[in-house]
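Data block below; observations after.
Bear in mind the structure is a predicted one, so any value in this text is a computation, not a measurement. All ligand and atom numbering here is 1-based and tracks the order in the structure.
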Amino acid sequence: MTGPSFAPTEEQQLLQSEVRRFATERILPGAAERDAKKEFPVDILREMGDMGLLGMFVPEEYGGTGFDMVSYVTAVEEVSRACASVGVTMSVTNSVCCWPILTFGTEELKDRVLPELASGEVLGGFGLTEPGAGSDAGALRTTAKRDGDTWVLNGEKAWITNAGQAKYFVVVARTDPEAGNRGLTAFVVPSDAPGFSVGPAEHKLGLRSSLTAPLHFADCRVPASNLLGKEGQGFKIAMATLDHSRLGIAAQSVGIHQRALELARDYALEREQFGGPIADLQAIQFTLADIATELEAARVLTRCAAAVADQHQNPDAGRLASEAKLYASEAANRACYKSLQLHGGNGFHEDYEIARLYRDVRVTTIYEGTSEMQRLVIARKLLA
Ligand code: CAA
C-alpha cells in the first residue's frame with residue numbers, strides 16, 4: 001500500500017512562506033494587545049481575504065483560491081502560530097461554512113454566497129451546538145418549519161464562533177420531531193434574515209480576540225433555496241463537515257505547539273540560573289526535546305490526514321481527521337504546560353506570551369468535538 005507523500009509541492013512551500021511572513025509581520029505583533037482588549041482584528045481578516053485565505057477550498061469560479069487540504073492545514077498552522085484567535089476565525093469560515101455550502105449547496109446558492117465569503121468581504125459561522133446539545137449533537141431542538149417558499153426557524157444556538165461578525169451561518173435544525181438524527185436539516189442563515197439575532201459575547205478563558213456568542217431564531221425566515229442537501233440530511237452534513245473541519249483544529253493546535261516550543265527555547269537560552277543559561281541543564285534540554293518530538297509527530301499526522309482527505313472518497317479520511325485532532329490538540333496542551341513550567345514564575349505572568357498560549361490551547365481538546373468524542377468516532381470506525 002502506498003501512503004500519501006509528505007514532500008510539499010513548490011506551490012505549498014510558497015504558500016507556507018508567504019503566510020508565515022504575513023503572520024509574523026502582521027498578526028503576531030498585536031496579538032497580546034488584542035487579547036487584552038478582546039479586540040476582533042477586522043483589518044487583518046480583510047487582508048487575509050485579499051490573500052485568498054478565507055476561501056481556500058472555494059474554486060476560482062466562485063471567487064476562491066481552490067487550494068488542497070494540505071495547503072490549508074499549512075496555512076492554518078502558520079496563522080495560529082502567530083495568533084490562535086485569528087486561526088479559529090479563519091478555520092471556521094473556510095471549513096464549517098464555505099465547505100458545506102460548496103459541497104451541499106445548489107449552484108444558485110453557491111453563486112449567491114461563496115464569492116462574498118471567499119473574498120473575505122464577510123465571514124462565516126456554523127450553528128450546530130445548543131445549550132442542551134453539545135457532544136450529543138443529534139439532541140438539538142431548534143426547529144424549522146416549511147411555509148411556502150420559506151423555512152421558519154425557532155430556537156437557540158450556543159458557543160458560535162464568529163457570531164457578531166459573520167454574515168452567513170450554516171445552521172442545523174429539526175424539521176421532523178419524530179425522526180431522531182434523520183429529522184435534521186441544514187440551512188444557510190444570513191445575519192440579516194428577519195427574526196435572527198446574536199446574544200452577548202461569551203467571557204472566555206482564551207481565544208479572546210475571536211468572537212463567540214449565542215444565536216437566536218424567533219420566527220426567523222430563510223428562503224427555501226438556502227437549504228443544503230435534502231430535507232433530513234442535516235445530521236450527515238454536519239458530521240461530514242466535522243470530518244473535514246477537525247483538520248483545521250489539528251492544524252491550529254500544531255501552530256500553537258510550534259510557538260510554545262519557540263518560546264521555551266528562547267527563554268531557556270536567555271534565562272540564567274545556577275551560574276548559566278537554564279538551557280545548559282539537562283532537565284530543561286529533555287523538556288525541549290519532548291516538546292519538539294511531539295510537535296513533529298502531530299504535524300506529520302495532521303499533514304498525513306490532510307493528504308488522505310485530498311484523496312476524495314478515501315474511507316479512512318474521517319478517522320484520520322479525528323486522530324489528528326485528538327493527538328495534535330492533546331500534544332499542544334502538554335507542550336504549553338511544559339513550556340509554561342520551563343518559564344517558571346514568569347510564565348504565570350500575562351506579560352509573557354506563553355500565558356496567552358496556555359489559555360488559548362485549552363479549548364482545542366474541546367471544540368469541534370471533545371477528545372472523548374474523537375475517541376468514540378475513531379473506535380467506532382475501527383470496530384465497524
Ligand atoms: N459522515 C456521514 N454520516 C455520518 C457520520 C459521518 N462522519 N457519522 C455518523 N453518520 C451518520 C450515521 O451513519 C448514522 O446514519 P443512519 O441514521 O443512516 O444510520 C447517523 O449519522 C447517526 O450516526 P451515529 O449513530 O453515530 O450518531 P450519534 O448520535 O451516536 O452521534 C457523535 C455521533 C460522533 C457523538 C456526534 O454526535 C458528534 O460528532 N458529536 C460531537 C459534536 C461536535 O463535534 N460538535 C462540534 C460543534 S462545532 C464547533 O465546535 C465549531 C467551533 O466553534 C470551532
Side-chain angles (χ1 to χ4, degrees), residues 76 80 84-100 103-104 123-140 142 157-166 169-172 174 176 178-186 201-202 204 206-207 210-215 228-230 232-253 309 313-323 325-326 329 360 362-384:
V76 173
S80 304
S85 286
V86 180
V88 73
T89 304
M90 168 189 178
S91 165
V92 163
T93 297
N94 274 289
S95 63
V96 286
C97 188
C98 287
W99 188 83
T103 310
F104 302 103
L123 295 174
F126 182 60
L128 177 67
T129 304
E130 297 185 358
S135 289
D136 186 6
L140 66 85
T142 294
K157 296 288 173 184
W159 291 109
I160 306 304
T161 304
N162 294 347
Q165 276 290 337
F169 295 88
V170 169
V171 172
V172 184
R174 183 163 295 288
D176 182 345
E178 312 298 327
N181 285 338
R182 293 180 185 190
L184 304 181
T185 303
E202 304 296 351
K204 296 173 294 185
L207 297 185
S210 76
L211 286 166
T212 312
L215 306 180
L228 294 179
K230 293 199 173 76
Q233 285 182 341
F235 190 76
K236 289 185 182 183
I237 289 174
M239 292 300 113
T241 299
L242 289 165
D243 278 347
H244 191 261
S245 70
R246 284 170 179 153
L247 283 172
I249 304 306
Q252 183 198 32
S253 306
Q313 310 300 328
N314 187 319
D316 293 330
R319 175 180 55 80
L320 274 162
S322 282
E323 288 173 357
K325 200 266 184 191
L326 170 65
S329 62
D360 285 351
R362 190 62 191 85
V363 75
T364 60
T365 62
I366 296 170
Y367 64 13
E368 299 210 8
T370 60
S371 286
E372 291 71 18
M373 290 307 110
Q374 306 313 317
R375 290 188 173 94
L376 192 81
V377 169
I378 296 161
R380 281 185 183 179
K381 296 251 164 80
L382 290 174
L383 296 169

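- Taking every non-hydrogen atom of L242 and a distance limit under 4.0 Å, the qualifying atoms of ligand 1 come out as 43 (C), 44 (O).
- No side-chain N or O of K325 forms a donor-acceptor pair with one of S371 less than 3.5 Å apart.
- Under the side chain to side chain contact (heavy atoms under 4.5 Å, CB included) test applied with R319, the options V377, D243, L382 reduce to a single match, L382.
- Scanning all protein heavy atoms for the shortest distance to atom 25 (O) of ligand 1 gives R380 NH1, 4.1 Å.
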Checklist entry - Taking it one step at a time, do N162 and S210 satisfy side-chain contact (heavy atoms from CB on, under 4.5 Å)? => result CA-CA 7 Å; N162 294 347; S210 76; 5.5 Å; no
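- At the top of the distance list for atom 40 (N) of ligand 1, counting protein heavy atoms only, stands S135 O, 2.8 Å.
- Counting protein heavy atoms only, atom 52 (C) of ligand 1 is closest to T161 OG1, 3.5 Å.
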Item to check | side chain to side chain donor-acceptor pair (under 3.5 Å) evaluation trace for K381 with S322 | outcome: CA-CA 11 Å; K381 296 251 164 80; S322 282; over 6 Å; no
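- For atom 4 (C) of ligand 1, the nearest protein heavy atom (residue, atom name, distance) is M239 CB, 3.8 Å.
- Ranking protein heavy atoms by distance to atom 16 (P) of ligand 1, first place goes to R182 NH2, 3.2 Å.
- Near A137, with a cut-off below 4.0 Å to any heavy atom, the atoms of ligand 1 are 37 (O).
- Contacts of I249 with ligand 1, taken as heavy-atom pairs under 4.0 Å, are absent altogether.
- Taking every heavy atom of F126 and a limit of under 4.0 angstrom, the matching atoms of ligand 1 come to 48 (S).
- The protein heavy atom nearest to atom 23 (O) of ligand 1 is F235 CE2, 3.8 Å.
- K157 meets the salt bridge (charged side-chain N to carboxylate O under 4.0 Å, His left out) test with E130; sequence neighbours excluded.
- Within ligand 1, counting atoms from 1 as listed, the ones closer than 4.0 Å to a heavy atom of T129 are 47 (C).
- Under a 4.0 angstrom heavy-atom cut-off, G134 registers as being in contact with ligand 1.
- In T370, neither the side chain nor the backbone holds a heavy atom less than 4.0 Å from any atom of ligand 1.
- Those atoms of ligand 1 that come under 4.0 Å of a heavy atom in V377, given as number and element, are 34 (C).
- Of all the atoms in ligand 1, the ones that sit under 4.0 Å from a non-hydrogen atom of L376 are 35 (C).
- Protein non-hydrogen atoms do reach within 4.0 Å of atom 42 (C) of ligand 1.
- Close N/O approach between K236 and ligand 1 is found [any backbone or side-chain N/O within under 3.5 Å].
- The heavy atom nearest to atom 44 (O) of ligand 1, out of those in R319, Q374, R246, is found in R246.
- The single protein non-hydrogen atom nearest to atom 45 (N) of ligand 1 is G369 N, 4.0 Å, given as residue, atom name and distance.
- Scanning the protein for heavy atoms near atom 7 (N) of ligand 1, the closest one is D243 OD2, 2.7 Å.
- Each of the following atoms of ligand 1 lies closer than 4.0 Å to a heavy atom of N181: 22 (C), 27 (O), 29 (O).
- Side-chain contact between I378 and L326 is present, with heavy atoms from C-beta onward closer than 4.5 Å.
- Each of the following atoms of ligand 1 lies closer than 4.0 Å to a heavy atom of V92: 54 (C).
- In terms of modelled atom types and a separation under 3.5 Å, the side chain of T129 and the main chain of A158 share no donor-acceptor contact.
- Under the salt bridge (charged side-chain N to carboxylate O under 4.0 Å, His left out) criterion, R375 pairs with E330, not counting sequence neighbours.
- When the options H244, M373, Q233, Q252 are ranked by their closest heavy atom to atom 35 (C) of ligand 1, first place goes to M373.
- Ring planes of W99 and H244: parallel class, angle under 30° (limits at 30 and 60°).
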